[in-house]
Amino acid sequence: MRRRPIQKKQTMTRQFNHVAAFSKVGTAPLETLTDAMIESIAASHARRGTPAFDKLHADLREVVANRKALAA
C-alpha cells in the first residue's frame, strides 16, 4: 500500500474563528438566535473575559439586530 503524503493541519487563526462565528450568526434561523446563543457562539470562537470576546460578542449582537430589523 502506498503511503499518503502528510498534509499540514490548518492553523486556526483569530481571523478564521471570527469568519466562522459570523457565518454561523449570518445563516442561523433568527428565532434560534437568543442572547444566550449569541454569547455561546462568541465564547466558542474567543476566550471569555478577554477584550476580543467582548468585541466579538458586541459585533455578533449588532449583526443579529440588523438581520432582525431587515426581516421585520
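Source: prediction; values computed, not measured.
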Between Ser23 and Ala20 the two heavy atoms that sit nearest each other are OG-O, 2.8 Å
Does Leu60 reach the side chain of Leu56, with side-chain heavy atoms less than 4.5 Å apart?
-> yes
Hits for side chain to side chain contact (heavy atoms under 4.5 Å, CB included) against Thr34, two or more places apart or cross-chain, chain-then-number order -> Ala36, Met37
Those residues at least two apart in sequence (or on a different chain) that pass side chain to side chain donor-acceptor pair (under 3.5 Å) with Lys24 are His45
With sequence neighbours left out, the residues meeting side chain to side chain donor-acceptor pair (under 3.5 Å) with Glu62 are none
Side chain to side chain contact (heavy atoms under 4.5 Å, CB included) filter on Pro29, not counting sequence neighbours, yields Glu31, Thr32
Hits for side chain to side chain donor-acceptor pair (under 3.5 Å) against His57, two or more places apart or cross-chain, chain-then-number order -> none
Applied to residues 6-23, the salt bridge (charged side-chain N to carboxylate O under 4.0 Å, His left out) test, sequence neighbours excluded, yields none
In short, Ala71 meets Leu30 closest at the heavy-atom pair CB-CD1, 3.6 Å
For residues 35-58, the salt bridge (charged side-chain N to carboxylate O under 4.0 Å, His left out) pairs (sequence neighbours left out) are Glu39-Arg48, Lys55-Asp59
For Phe16, the hydrophobic cluster (side chain heavy atoms closer than 4.5 Å, chained through members) also holds Met12
* Cluster link Val64 to Phe22, ILVMFWY, side chain under 4.5 Å -> yes
Heavy-atom nearest pair, Leu33 first then Val25, reads CD1-O, 3.6 Å
